[in-house]
Amino acid sequence: MLVIVLENAPPRLRGRLAIWLLEIRAGVYVGNYSAKVREHIWAQVEAGLDEGNAVMAWRVNNEAGFDFVTLGKNRRIPVELDGAKLVSFLPLDDKNTL
């Protein structure tokens, strides 16, 4: 299983992802592909995201059962703690924005 969530992404990227994945909600895409196809799809996200942000999660054989990558500006950042990948929140700046 592969899940990609986009925020503030250009319409051309959303249309591009709709070629391979099913958009089950606005900006939420799901599918089931090999690692090679997953990497190709993520390359499309990297090339077309502009000022938006994205996260991709997929099933792997580890304790959590999944792995994920992020791209773009977001308060949530991946961190590794004792071999487990978790999510940390960046503090807000003086203007309460990133």
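Atoms CZ and CZ, from Arg16 and Arg14 in turn, are 16.0 Å apart once rounded to the nearest 0.5 Å. Here the straight-line distance linking atom NZ of Lys36 with atom NE2 of His40 works out to 10.5 Å at 0.5 Å rounding. Distance check, rounded to the nearest 0.5 Å: CZ of Arg38 to CG of Asn32 gives 10.5 Å.
The shortest non-hydrogen separation linking Lys73 to Asn53 is O-ND2, 3.3 Å. Shortest non-hydrogen contact noted between Met1 and Val30 is SD-CB, 4.3 Å. Nearest heavy-atom pair, Ala54 versus Leu6, reported as atom, atom and distance to 0.1 Å: CB-CD2, 3.5 Å. When every heavy atom of Asp50 is checked against every heavy atom of Pro10, the shortest pair comes out as OD2-CG, 3.3 Å. A pairwise comparison of heavy atoms in Leu49 and Ala9 identifies CD1-CB, 4.1 Å as the closest pair.
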For side-chain contact (heavy atoms from CB on, under 4.5 Å), just list the numbers for Val37 and Leu2, CA-CA rounded to whole Å, side-chain angles, deciding distance to a tenth of an Å, and then say yes or no. CA-CA 11 Å; Val37 175; Leu2 168 67; over 6 Å; no
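For the pairing with Tyr29, the side chain to side chain contact (heavy atoms under 4.5 Å, CB included) check across Val45, Val5, Leu17 returns one residue only, Leu17.
Grouping the Ile, Leu, Val, Met, Phe, Trp and Tyr side chains by contacts below 4.5 angstrom, directly or via other members, places Ile19 apart from Leu22. Note on Val69 and Val3: separate hydrophobic clusters, where clusters join Ile, Leu, Val, Met, Phe, Trp and Tyr whose side-chain heavy atoms are under 4.5 Å apart, directly or indirectly. Taken together through direct or relayed side-chain contacts under 4.5 Å among Ile, Leu, Val, Met, Phe, Trp and Tyr, Phe66 and Leu71 form parts of separate hydrophobic clusters. Connection of Phe68 to Ile24 is established within a shared hydrophobic cluster, with ILVMFWY side chains joined at heavy-atom distances below 4.5 Å, either directly or through further cluster members.
For Tyr33 (side chain) and Trp20 (main-chain N/O), a donor-acceptor pair under 3.5 Å exists by modelled atom type. Not a single donor-acceptor pair under 3.5 Å links the side chain of Lys85 to the backbone N or O of Asp67. A donor-acceptor pair under 3.5 Å is absent between the side-chain atoms of Asn61 and the main chain of Gly65, judged by distance alone.
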